[in-house]
Every structure is written in structure tokens, then in C-alpha cells.
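Because the structure is predicted, anything quoted here is derived from the model rather than measured. Chain A is the first sequence line, chain B the second, and so forth, proteins listed ahead of strands; every chain is numbered from 1.
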Number of protein chains: 4
Amino acid sequence: MIVYLHSEFRAVALRDGRETKERISRAALTLFVQKGFAETSIRDITSAVGITEGALYRHFPGKDQLAWDLFSTNYISFATELTRVRIGKSGFSEQVAAMVEAFCRLFDQDPELFSYLLLVQHNESGKLPDTIKTPVDAVRDCVIDGMENGDIPKADPEVLTASLLGVVLQVATARIYGRIEKGLSEMKDDLTAICLRVAQA
Amino acid sequence: MIVYLHSEFRAVALRDGRETKERISRAALTLFVQKGFAETSIRDITSAVGITEGALYRHFPGKDQLAWDLFSTNYISFATELTRVRIGKSGFSEQVAAMVEAFCRLFDQDPELFSYLLLVQHNESGKLPDTIKTPVDAVRDCVIDGMENGDIPKADPEVLTASLLGVVLQVATARIYGRIEKGLSEMKDDLTAICLRVAQA
Amino acid sequence: MIVYLHSEFRAVALRDGRETKERISRAALTLFVQKGFAETSIRDITSAVGITEGALYRHFPGKDQLAWDLFSTNYISFATELTRVRIGKSGFSEQVAAMVEAFCRLFDQDPELFSYLLLVQHNESGKLPDTIKTPVDAVRDCVIDGMENGDIPKADPEVLTASLLGVVLQVATARIYGRIEKGLSEMKDDLTAICLRVAQA
Amino acid sequence: MIVYLHSEFRAVALRDGRETKERISRAALTLFVQKGFAETSIRDITSAVGITEGALYRHFPGKDQLAWDLFSTNYISFATELTRVRIGKSGFSEQVAAMVEAFCRLFDQDPELFSYLLLVQHNESGKLPDTIKTPVDAVRDCVIDGMENGDIPKADPEVLTASLLGVVLQVATARIYGRIEKGLSEMKDDLTAICLRVAQA
DNA sequence: CATGAATGAGAGTTCATTCAT
DNA sequence: TATGAATGAACTCTCATTCAT
């Protein structure tokens, strides 16, 4: 099981410095999602944390780095989680179910992080080196496996990957804007069913 | 006959308010999509057009208004187009096919506009009064009709609406990032097929 | 009798150009008094008149000149009026009464002009060449005459001049801010009485 | 012992927020009186102080607030002083003498502040809540007291208040423009005498 | 580690003025 | 004469970042 952003039990054991750094990260995440990266000032972040502007630079080299750390660490960590839950299952259907569940869990546990990684900043993923696995790669791996194993019909794997992602991300978006009221995890079976129909599994 | 230093055509172009306004709109659209709204400065826009910063304010009251005009006009007009092509067809399948085609046409004719309306700024749609129909409304209308007519099974219309939109928008995104090479219109039948499977039509 | 800013009967006989110029002057006067010189833009003036910005420059070489014309013409003309009414009277008391009446008449006929000349822009008077008579000069002449003729006791004429002006201008100010409700002309005898006590006439 | 490049005194001066704030206030006061509020730019102020433009905003939220702080603080405090010196005296004549002296003292000690409060920005006093006592109120209180006590004849207190103020302010103005050479305090007895004649005390 | 005054660059915007039409 | 698009300089203000303390 992955730890999103910070685990409470470790925080207790840590010194103030580490704790401040995590409070900065969390405040930044919240504000970046709420107002956007450019619209969030260093002062917005530090005054939310209750420190002065200069203090932030003890923990992060700058605003860009802060945003990037926030993104890349968690983006990679979520991709790893996706692959981990997929590898544990055999058969396309089970794998899709497991991945959908992982998406829903992330959303329900930490909607801000979900938004930041997958809706707001997901165009930042181009900055990652190609060797790093992203959530998109994890889904594509699943799709390609499914085609090679004959679980689903052969087709352009990129189109199928995008379609599957699209279903989950757009439903998440609808949930954020209040058009859908149920938590994502409550809908995981429905979402899985839709995904399997998309893939004709 | 006198030969002016500037040809009449050039002079007309320089002095014609309409034309300048449209060149500003287009430059702004391009830059907003490329770099984002906040990251695009007035100077970026005007120097792309070849005018000074102050000149922009004869055509738009400010940066926000420029972005909003760009968004609202085209967003509403695309929603109208979606409804128009849908109304012309009977049956859920035909209606979905027509709407998918409209999405693909917009994308291929003007990918920047597509991105601006549906990927970059689509969260601005909340600022529109509820009486105005958006593309999301157009898709939802189609879904609700399909359920009422028995063309598709009853389910949460919001989830289905989001899923259908997700398929199209995420495939468009993959195309923009170069993961897919075919034009969207070339894939319209595939996209329609996926959408119909999503809806179990 | 002097004509403040423009006489209606002449305006009728004039061409559009002259009439526009006077409408510009009047609009500028109003706005300068209401909002201040720096806070009034060319656009404020021209849109009040109903012409475009460029058109103003057919009538005035620039904003500064417009303000200066407005000030100097009327300031001198009012100084002339003051001297005219004073010369007609013999004895300090009669002269003061006549001048107070002239101040009150200007205020009641054209409070904006009064404010502009005597309250708002009166520090511009330093730009006038010393050979030109100002309202302050007119009052000082009266004071000096009164001292030389033995109508009033000898003292620093500048202090007395300032005091007399102060009484009139500050009462006018109180009237503008609504602290006094009567028209200035209604109070002219009271004001004259106060002025004569100031001068110990 | 280490000798720093900048002496401690200098370093303290540069880093001491209080001191900088006061230097900004003083520079602004000087410039507002010399050139007017609108004609004074932030750059004018900060370059007079020897800091950059942005630094001003750590001490004041903006230009308007700076001007307003400058005005309201000192305006109220001078009104309090006026009332204080008046309360200490019995009888209209003594009270007027005390208040005239207070005006003269302010003028001679800080002519810029006098100008700013009473000549340049005094129309800002309308922005103060009615519960706050202004110098005008202080003078009016004295006038009303004098009438009620029978020290001076009954008349419109607003007219008398304005007249008394007018004498002092216009003499101060004449002094500023160099028409009068004596310091105001040197003339305080003359001014008092004039004021008493105005009020027929 | 934290403070917060200061920097310096750049943001959006306004405005007096010009000039081709 | 009038128009109004365009200029160019100035404006107020914001912000990421630095650094003496």
C-alpha cells in the first residue's frame, strides 16, 4: 500500500523541519488545485502554513521545484502502485478492475492529489525521462498484455488506453464539479464494467 | 500616379479594427493553449500580432475579458452545433455518431480552439449562466433521450455523459501529445463504436 | 458686465467649431472641479462632449493648454471685473461691498468656475506674468488705497488682503460642501460686514 | 575585531522597518505638497527615500492608503490638539487665542504637514466618519460655545467658523507663496485680533 | 531554521498624443 | 473638422527570490 504525501505515524517521529516541509507541500497542493499554479504565490503558500516567505526556501529551492517535486514523486509513486496491483492479477478483466479500484482509492483518499496529478498538472508528465513509468504507461501495459494474451481484440493500443483513462478521469471530473454525488469507490464496479465494454473484454 | 510607401492593402490592414481584433483573438488563443493563460502576457500577445501593448485595449477591455470572450462565444457556438447535428438524427446511435463527428471536425479544423474550449479552459464553463447550453449539456440531453426512448439501458446519466466525453477528450489529448498519429476524423467510426459500447446501445 | 466662459446669444451665431470648443471647455471645467485635473482624462472630456479623442486636438494643443486657457482667461477676466466694480466706488467700505458682491455673483452664477479659479487651480496664478492683474492684486489694491486714504488703519497689507480673501473663499468652500445652505449672494451683506470688521473700517 | 563594510548604524537603518516607513511617509508628504498627489508617482517617493518601488508595499498597501494614513492620522491628531488647548481656557477670546497659536505652531514647526492637512487634502475630510472630530469641528465647537455663553453675538455658526478658518488658512497660504515674510507664530497676536473682530468678541 | 525588508524584473493597464483616413 | 486605431511612455502593483539578522 502506498503512502500518499505523508503518513501520520512517521510525522510524529520527525523533527519540525521535516514536518514543516510536508505542511508546505500540502498547502501548495491545495492551493495549486484550487487556484492554479501561476495564480498561487509563495506568500499564499507560506501564509497558509504560518511561516514567512523566506522560510520556504529552506525546504525547497523554488516554486517550480516545489511543484515539480510534488508532481513527480507522487505521479511515479501512483504509477508504481498501479503496476503493483495489476501484476498481482491474471487476466485483463481482473487487472482492469484492480487498476480502476486503485484510481478510485486515490481519488477518495486524496481528491486534491488526484486532481493535481491527473487533471491539473498531467501535462507535466512530458518532462519525466522516458525510462520512468507513468500511470498512462501502466494502463497501456495492461492493454498491450490483454491484446497479446487474446483477452481483448487487437486494435490501436493508444486509442484504447486513452479511452479507458478518459472514462475514469472524466467521471472524476464530474464528481469534482458536483455533477455526480457518489464517491468514486462506490462506483468502481460500474466504472470497471464500462471499461471492459470499451475494451470488448 | 502616386505610389505610397505603404500599399493600400497594408494600410487598410493596419487601420482596420475588425481585422486587428481577430488577429489578437487568434494570437491569444494560440498562446493560451501553448503556454497557459497566466503564463501568457499581454506583451506576448501583442508582439505576436505586431502591435504595441496599449493597442490591445482598444479592442478588449482587458486580459480576462479577452480570454472570456474567446471561450464563451465559441463554447456556446460549439454547443449549438452539437445540438443542431443531434436534432437532425433519430435514434441514439445516429445521434452519437453525429456528435462524435462534430467533435472530430472541430478538432481537425481547429485543434487550438478544441484544446482551449474542451481541455484547457473547460472549467470556466461554471461562469456561464445555467440557462446557457454547453457541450456537456448537449451530450447529456442525448443520453437522457436515449434512456427515455429505450435505446440504451437506464443508468446514472451523469456517469454515462462523463464517460462518453472522456473517451473523446482523452483520445484528443493523446493525439495532441503525439501518442496517436491519425487525425481524429479518420477515427470517428472507431470512436463512435467505443461510445456505443460504453452506452450499451 | 463680464461674460463667464460663454454667452448663449453668441453661441447661436457661431459655427459648430466654436461651439464645440466651448462645449469642450465647459466639460473640462466641470470635470476638473469634480475629479481634479490629473484624474480627468482626455477621454473623460471628449466622451462628455460626445466627440472622439482626436477631435479635441483640433481645438486645443493639449490638455495642459486647455486647463491653462480655461484658467488664465477667466482669472484675468474676473480680476478685471473686480477692478471695474471697485473703481466705480469711492471709499473703502463701498469698494469692499462691491467686490464682495462680485465674488458672490460669480459664485452663484457659475460655482464650477468659481471653484476652478479660486479654490482648485489658484496656485496656477504664479505662472501668470507679473504685469497681469489677478483677483488677489485687485483686493490688495483696494486695501492699499484704503490705508493711504485713511479709511482703514495702516498694517501689513498682505495680511489684510489674505484675511479678506480667506473669509470669502472659506465661506464659499463651506457652501460647496453643504455646511452652509444659503446662496452666497444672500449673504453678501453679512460677508461685507465681516470684511469691514477685519479691516477695522 | 571585525570591521564590517557597512557600519552597524547604517545596517540597522537599512533593515529597520519602522524607520523606513517613516522616511516613506515624510518623502510622500513633501512630494504630495510640492507636486500634488496624482502628480507624485511611487517612483518619485521611493527614489527620494532610496529604496526600490516594491519595497514601499511592505510598509503601505498602496498609494491611496499611504496618502490616507498620512492625512487621517495627523488630521485627527491636530483636531485633538486644538480641542486640548481650547478646553484649557475659559472665555471665547482666550480660546481663540489658544487655537490660533496652535495653528501657527503647526505651521512653523511643519509647514508641509500644515499644507497637506489644511490646504491640499482637506477635502479628504469627508471620508472620515462623522463621529471623528476634525479641526473644523474644533473651531465650530468654540464658536457655538462663545454664542451660548454670550461672549459673541449670535449668528450662523457655520459662516463664522468658515470666516475664522479662512483668515488663518489664507494668511498661511500667502506665507507659503512668499507674499508674507514673517513666520506665522510672529503674527499670532495680529491673527487673534483679526479673528476676534470677525467674531465681534 | 526562521524572519522580513529589500530587490529587480515584469505584470496589466492607462493615457496624452499622433496621424492616416 | 472628425474619426479612432496606434503609439510609447508612464503608471501602480505583484512576485519569486535573496540575505543580513
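Across every non-hydrogen atom of His59(A) and Ile24(A), the tightest pair is CD2-CD1, 3.7 Å. Minimum heavy-atom separation, Leu66(C) to Ala28(C): CD2-CB, 3.9 Å. Minimum heavy-atom separation, Val120(B) to Phe32(B): CG1-O, 4.5 Å.
Nearest-nucleotide mapping onto DNA chain E: of Arg58(D) and Arg43(B), the residue sitting toward the 5' end is Arg58(D). Nearest-nucleotide positions on DNA chain E place Glu53(D) closer to the 5' end than the other of Glu53(D) and Pro61(B). Summary of the strand contacts: Gly54(B) and Gly62(A) both lie near DNA chain F, and taking for each the nucleotide with the nearest heavy atom, the more 5' one is attributed to Gly54(B).
In this structure, Arg23(B) pairs ionically with Glu19(B), as a charged nitrogen and a carboxylate oxygen lie closer than 4.0 Å.
Judged purely by atom type and a 3.5 angstrom limit, Ser115(B) has no side-chain atom pairing as donor or acceptor with the backbone of Val33(B). In this structure, Lys63(A) contributes its side chain and Phe37(A) its backbone to a donor-acceptor pair below 3.5 Å.
At the phosphate of dC13(F), OP1 or OP2 sits under 4.0 Å from a side-chain N or O atom of Tyr57(D). Taking 4.0 angstrom as the limit, His59(B) places a side-chain polar atom (N or O) nearer than this to OP1 or OP2 of dA6(F). For Thr20(A) and dA2(E), the shortest distance from a side-chain N or O to OP1 or OP2 is below 4.0 Å. Applying the 4.0 Å criterion to OP1 and OP2 of dA6(E), one finds that Thr52(D) has every side-chain N and O outside that range.
Distances were taken from every side-chain heavy atom of Ile42(B) (C-beta onward) to each of dG12(E), dC13(F), dA16(F); the shortest belongs to dG12(E). With dA16(F), dT1(F), dT7(F) as the choices, the nucleotide that has an atom nearest any side-chain atom of Ala55(B) turns out to be dT7(F).
Distance, Glu39(C) CD to dA10(F) P: 19 Å, rounded to whole Å. One interatomic measurement links the two molecules: CG of Leu31(C) to P of dA16(E), which rounds to 12 Å at whole-angstrom precision. The separation between Glu19(C) atom CD and dT1(F) atom P is 12 Å, rounded to whole Å. If you measure from atom CG of Asp44(D) to atom P of dC11(F), you get 7 Å, rounded to the nearest angstrom. Lys21(D) has its NZ atom 12 Å from the P atom of dA6(E), to the nearest Å. Summarising the geometry, the separation between NZ on Lys63(D) and P on dT14(F) is reported as 15 Å, rounded to the nearest angstrom. Between the CD1 atom of Ile51(A) and the P atom of dT17(F) there is a distance of 14 Å, rounded to whole Å. To the nearest angstrom, C1' of dA6(F) lies 12 Å from CZ of Arg23(B).
Here the options are Leu113(B), Ile132(B), Thr134(B), Leu70(B), the test is side-chain contact (heavy atoms from CB on, under 4.5 Å), and the partner is Tyr75(B); only Thr134(B) passes.
Counting only heavy atoms from C-beta outward, the side chains of Trp68(C) and Leu128(C) approach each other to under 4.5 Å.
Across all strands shown, Thr40(A) has heavy atoms under 4.0 Å from sugar-phosphate atoms exclusively, and none from any base.
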Exercise. Dot-bracket for DNA chain E, 5' to 3', counting Watson-Crick or G-U wobble pairs under 3.5 Å, with [ ] for crossing pairs and | for inter-strand pairs?
Worked result: .||||||||||||||||||||
